[in-house]
Amino acid sequence: QVQLVESGGGLVQPGGSLRLSCAASGVHFSTAVMAWYRQVPGEQREMVAVITGGGTTNYADSVKGRFTISRDNAKNMVYLQMNTLKPEDTAVYYCNANEFPGLQPVHYWGQGTQVTVSS
């Protein structure tokens, strides 16, 4: 059974920082492509950052230079360091795991953690 458990969300002032964590279990973590997505009510879920098992990363243009995704394969953890936060970063942030057992990828999601950027 796959479980992705996010933590680290909360309320922060503009310009502040937060670090999100995601604890993964039940996946072949070292080979899984891990990602963070976010969603605002009424809008589509959008990719924020992605990291491959080998550590290659990619970011949404809106967070480049401010957010950093990382992973610890020994601990089955993925992180999102968010700096210089803006009010438009307010959203529910979801941890995402992707495995490729065959021709079709399999996607897993966490329950999400709320990030609110407000003064």
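It should be emphasised that the depicted structure is a prediction, and the values quoted were computed from it without experimental measurement.
- In the hydrophobic clustering, where aliphatic and aromatic side chains (Ile, Leu, Val, Met, Phe, Trp, Tyr) are joined below 4.5 Å either directly or transitively, Leu85 groups with Val2, Leu4, Val12, Leu18, Leu20, Val27, Phe29, Met34, Trp36, Val48, Ile51, Tyr59, Val63, Phe67, Ile69, Val78, Leu80, Met82, Tyr93, Val106, Tyr108, Val115, Val117.
- With values rounded to the nearest 0.5 angstrom, Gln111 atom CD is found 11.0 Å from Thr113 atom OG1.
- Around atom CD of Gln104, no more than 12 heavy atoms belonging to other residues, nucleotides or ligands sit under 6.0 Å away.
- Of all non-hydrogen atoms in Gly112 and Glu6, the two that sit nearest each other are N-OE1, 2.9 Å.
- Checking side-chain atoms of Glu99 against main-chain N and O of His28 turns up a donor-acceptor pair under 3.5 Å.
- Listed by first and then second residue, the disulfide (SG to SG under 2.5 Å) pairs that reach into residues 50-109 are Cys22-Cys95, sequence neighbours excluded.
- In the model, Ser17 has a side-chain atom that pairs as donor or acceptor with a side-chain atom of Asn83 under 3.5 Å.
- Here the closest heavy-atom approach between residue Pro14 and residue Ser119 is recorded as CD-N, 3.7 Å.
- With respect to the salt-bridge test (charged N to carboxylate O, under 4.0 angstrom), the residues Lys86 and Asp89 do not qualify.
- Between atom CH2 of residue Trp109 and atom OH of residue Tyr94 there is a gap of 9.0 Å, rounded to the nearest 0.5 Å.
- Side-chain atoms of Asn98 come within 3.5 Å of backbone N or O of Val33 as a donor-acceptor pair.
- Residues Phe100 and Thr31 have side chains not in contact (no heavy-atom distance under 4.5 Å, counting atoms from C-beta outward).
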Intermediate values then yes/no, side chain to side chain contact (heavy atoms under 4.5 Å, CB included), Asn76 and Ser25: CA-CA 7 Å; Asn76 285 14; Ser25 60; 5.7 Å; no
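- Rounding to the nearest 0.5 Å places OG of Ser7 at 6.0 Å from CE of Met77.
- Legend: side-chain hydrogen bond (donor to acceptor under 3.5 Å, both in side chains) pairs involving residues 41-51, not counting sequence neighbours, sorted by first then second residue: Arg38-Glu46, Gln39-Arg45.
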